Visitor: 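Take a look at the following structure, please.
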Amino acid sequence: MARSDSECPTNGFTVEAAVDAVPPARRRVVAVAQHLGGPLRDETLETVELMASEVIANAVLHSAGPCDVVVTRTAEWLRVEVTDTDPTLPSTVAATPNDESGRGLLLLDAMADAWGTRPEAEGKTTWFEIRLEPPYEGIRESSAKAPFSPRAVAVRRAEQQHSSARPVKSQSSSVSATARDRDQAA
């Protein structure tokens, strides 16, 4: 599954269909992301790890077989794709405060710069992308001192929306032209 492309380095691996395989898989996503292009901000790594955990856990819980994880990195983007054998496309649910699940897609929507799903011949792929920033350049004083929290990342992502163009988030198989172009290039 690993591929060598200097402009768009990609690496992938398979995760067994077991809940206890999720923690090592999410850590492996982080390691692969760093290996593909050098150091990333701690905040970015924590965000990627959290979102990868959600997507991989959904694949493991809702499909009967293993899932494939592919990490692609460019100078500006990091993309994580998880392909499983269940053809049912995910949808958001109304989770109550006491529910133990049902918030994964809402988390993706709040933290990813783009995300979506696409049907496959035998299952589906759920993916997310985040825009990368240089590891230590251009960090605003308030961002450098702010502790990590999913809410803080979501707020910073919302602030970035006003300052730069970005692809539209997708909750279905339709994706933005920018993301579609990257899909075809990959």
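Just so you know, these numbers come straight off a predicted model, no measurement behind them.
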Visitor: Regarding Arg131 and Glu76, does a basic nitrogen lie under 4.0 Å from an acidic carboxylate oxygen?
Guide: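 Salt bridge flag = no for Glu76 with Arg131.
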
Visitor: Quick one, Val55 with Phe128, criterion side-chain contact (heavy atoms from CB on, under 4.5 Å). Give me CA distance, side-chain angles, the key distance, then yes/no.
Guide: CA-CA 9 Å; Val55 176; Phe128 66 84; 4.1 Å; yes

Visitor: Under the side-chain contact (heavy atoms from CB on, under 4.5 Å) rule, collect the residues that match up with Val30, sequence neighbours excluded.
Guide: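 With sequence neighbours excluded, Val30 shows a side-chain contact (heavy atoms from CB on, under 4.5 Å) to Gln34, Leu45, Glu49, given in chain and number order.
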
Visitor: Between Ala112 and Ile130, which heavy-atom pair has the shortest distance, and what is it?
Guide: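 Answer, listing the atom of Ala112 first, then Ile130: CA-CG2, 4.3 Å.
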
Visitor: Do Arg73 and Leu40 have side-chain heavy atoms sitting under 4.5 Å apart?
Guide: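 The answer is yes, as the side chains (C-beta and beyond) meet within the 4.5 Å cut-off.
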
Visitor: Indicate yes or no: at least one non-hydrogen side-chain atom of Val15 is less than 4.5 angstrom from one of Pro66.
Guide: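 Sidechains of Pro66 and Val15: no contact.
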
Visitor: Lys124 versus Asp86: any side-chain heavy-atom pair under 4.5 Å?
Guide: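 Yes; the side chains approach each other to less than 4.5 Å.
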
Visitor: Which residues pass the side chain to side chain donor-acceptor pair (under 3.5 Å) test with Glu120, not counting sequence neighbours?
Guide: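 For Glu120 the side chain to side chain donor-acceptor pair (under 3.5 Å) partners, ignoring immediate neighbours, are Arg118, Thr125.
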
Visitor: Taking side chain to side chain donor-acceptor pair (under 3.5 Å) as the definition, give me every residue that meets it alongside Asn58, ordered by chain and number, with sequence neighbours left out.
Guide: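 Here no residue qualifies.
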
Visitor: Restricting to side chain to side chain donor-acceptor pair (under 3.5 Å), what partner residues turn up for Ser63, sequence neighbours left out?
Guide: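 Expected list: none.
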
Visitor: Looking at Ala64 and Thr85, what are the two nearest heavy atoms and their distance?
Guide: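 Smallest interatomic distance, heavy atoms only, reads N-OG1, 3.8 Å.
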
Visitor: Tell me, do Val69 and Thr14 make a side-chain contact under 4.5 Å, heavy atoms counted?
Guide: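 They are not in contact (no side-chain heavy atoms under 4.5 Å apart), so the answer is no.
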
Visitor: We want to know whether Thr83 and Asp68 form a side-chain donor-acceptor pair, criterion being a heavy-atom distance below 3.5 angstrom.
Guide: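 Checked: Thr83/Asp68 side chains show no N/O donor-acceptor pair below 3.5 Å.
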
Visitor: Got a sec, which residues hit side-chain contact (heavy atoms from CB on, under 4.5 Å) with Ala57, two or more places apart in sequence or on another chain?
Guide: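 With neighbours one apart ignored, the set is Val22.
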
Visitor: Can you find a pair of side-chain heavy atoms, one from Ile56 and one from Val29, that are under 4.5 Å apart?
Guide: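 Of all side-chain heavy-atom pairs linking Val29 with Ile56, at least one is under 4.5 Å.
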
Visitor: Got a sec: does the NE2 of His62 have more than 12 other heavy atoms crowding it under 6.0 Å?
Guide: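 Yes - once you tally the heavy atoms of other residues, nucleotides and ligands closer than 6.0 Å, there are more than 12.
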
Visitor: Supply the atom-to-atom distance Thr72 OG1 to Asn11 CG, rounded to the nearest 0.5 angstrom.
Guide: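 Answer for the OG1-CG pair, Thr72 versus Asn11, is 9.0 Å.
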
Visitor: Taking the side chain as every heavy atom from C-beta outward, state whether Leu78 and Val48 have any atom pair closer than 4.5 Å.
Guide: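 They are in side-chain contact.
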
Visitor: Going through the distances and angles, do Leu132 and Thr44 end up as a side-chain contact (heavy atoms from CB on, under 4.5 Å)?
Guide: CA-CA 8 Å; Leu132 299 177; Thr44 300; 3.9 Å; yes

Visitor: Which atom pair, heavy atoms only, marks the closest approach of Trp127 to Thr117?
Guide: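 Between these two residues, the closest heavy atoms are NE1-N, 3.9 Å.
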
Visitor: Are Trp115 and Leu105 packed together at the side-chain level, in the sense that at least one heavy-atom pair is separated by less than 4.5 angstrom?
Guide: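 Yes, at least one pair of side-chain atoms sits under 4.5 Å.
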
Visitor: With heavy-atom distances below 4.5 Å as the criterion, would you say the side chains of Arg79 and Glu81 are in contact?
Guide: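 They are in side-chain contact.
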
Visitor: Step by step, would you call Thr10 with Val70 a side-chain contact (heavy atoms from CB on, under 4.5 Å)?
Guide: CA-CA 7 Å; Thr10 298; Val70 176; 3.2 Å; yes

Visitor: If you take all heavy atoms of Gly65 and Ala17, which pair is closest and at what distance?
Guide: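 Between these two residues, the closest heavy atoms are O-CB, 3.3 Å.
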
Visitor: With sequence neighbours left out, write down each residue that passes side-chain contact (heavy atoms from CB on, under 4.5 Å) with Pro87, or none if nothing qualifies.
Guide: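 Partners of Pro87 under the side-chain contact (heavy atoms from CB on, under 4.5 Å) test: none.
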
Visitor: Out of curiosity, Met51 CE to Arg26 CZ, how far, rounded to the nearest 0.5 Å?
Guide: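 One gets 14.0 Å once the value is rounded to the nearest 0.5 Å.
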
